[in-house]
Amino acid sequence: MISYAGNRDGRHQVHLHEGQALVGYECSAPCDVIKVMTVLDVDGLRNQVRVEHLRSAPNMIAAMALQDAMSGRLEPYTQDYDEIPYELWIDQTKGLTRKRSKVKP
């Protein structure tokens, strides 16, 4: 299942969980190239991000999800940690980051 992480500085990001790996797909309009960032959601490895770039294609699930996000059809998701809602974001240099959310999931 793909989840919409939100919009930061015009960059939209969707996430796909694959075991302990979190894969983030990110782009800004017009979304010709998608940045793919993979990070392990494990203590000690959250700052190591593998980055690839893919040309967007009309039949790519991530591209379709990002188009839905850019057109306003998706709401950002949050996750609870110790009963506090957080937004997840993958940053190329900082790794997996959590920011306290104002919205309860």
Quiz prompt | Test side chain to side chain contact (heavy atoms under 4.5 Å, CB included) applied to Met64 - qualifying residues, sequence neighbours left out | solution =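 With neighbours one apart ignored, the set is Ile61.
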
Exercise. Using side chain to side chain contact (heavy atoms under 4.5 Å, CB included) as the criterion, list what pairs up with Ala62, not counting sequence neighbours.
Key: Tyr25

Practice problem: Only pairs at least two apart or in different chains count here, so list each side chain to side chain donor-acceptor pair (under 3.5 Å) that has a residue in residues 14-23. | Solution: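 Qualifying pairs: Gln13-His15, His15-Tyr77.
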
Exercise. Sorted by first residue and then second, give each side chain to side chain donor-acceptor pair (under 3.5 Å) pair with at least one member in residues 29-40; sequence neighbours left out.
Key: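 Checked against side chain to side chain donor-acceptor pair (under 3.5 Å) - neighbours excluded - the pairs reaching residues 29-40 are Lys35-Gln92.
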
Self-check item: salt bridge (Lys or Arg N to Asp or Glu O under 4.0 Å) partners for Glu52, two or more places apart
Solution: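 Glu52 satisfies salt bridge (Lys or Arg N to Asp or Glu O under 4.0 Å) with Arg50 only.
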
Exercise. Tell me whether Leu66 is reachable from Ile2 by hopping between hydrophobic residues (I, L, V, M, F, W, Y) whose side-chain heavy atoms are closer than 4.5 Å.
Key: yes

Exercise. Find out if a path of hydrophobic residues (ILVMFWY) with successive side-chain heavy-atom gaps under 4.5 Å connects Ile90 to Val23.
Key: no

Practice problem: Report yes if some heavy atom in the side chain of His12 is under 4.5 Å from a heavy atom in the side chain of Leu74; otherwise report no. | Solution: no

Quiz prompt | Heavy-atom side-chain proximity of Pro76 to Tyr4 below 4.5 angstrom | solution =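 Pro76 vs Tyr4: side chains touch.
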
Quiz item: Going by the salt bridge (Lys or Arg N to Asp or Glu O under 4.0 Å) test, which pairs reach into residues 58-70, not counting sequence neighbours?
Solution: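 Residue pairs passing salt bridge (Lys or Arg N to Asp or Glu O under 4.0 Å), neighbours aside: Asp68-Arg73.
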
Closest contact, heavy atoms only, [X] versus [Y]:
{"X": "Ser101", "Y": "Thr78", "result": "OG-CG2, 3.2 Å"}
{"X": "Val14", "Y": "Ala65", "result": "CG1-CB, 4.2 Å"}
{"X": "Ala5", "Y": "Leu88", "result": "CB-O, 3.6 Å"}
{"X": "Ser56", "Y": "Ala63", "result": "OG-CB, 3.4 Å"}
{"X": "Met60", "Y": "Leu54", "result": "CE-CD1, 4.2 Å"}

Quiz item: Looking at CG of Asn7 and CH2 of Trp89, how far apart are the two atoms once the value is rounded to the nearest 0.5 Å?
Solution: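 These two atoms lie 6.5 Å from each other.
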
Quiz item: Atom CG in Leu96, atom CE in Met37: separation rounded to 0.5 Å?
Solution: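 Result: 10.5 Å between the selected atoms.
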
Quiz prompt | Contact list for residues 10-97, test disulfide bond (SG atoms under 2.5 Å apart), sequence neighbours left out | solution =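 Pairs touching residues 10-97 that pass the test: Cys27-Cys31.
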
Quiz item: Partners of Arg11 by side chain to side chain donor-acceptor pair (under 3.5 Å), sequence neighbours excluded?
Solution: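 Testing Arg11 for side chain to side chain donor-acceptor pair (under 3.5 Å), a comparison that skips the adjacent residues, returns Glu26.
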
Quiz item: Taking only residues two or more places apart in sequence or in another chain, which ones pass side chain to side chain donor-acceptor pair (under 3.5 Å) with Asp91?
Solution: Thr93

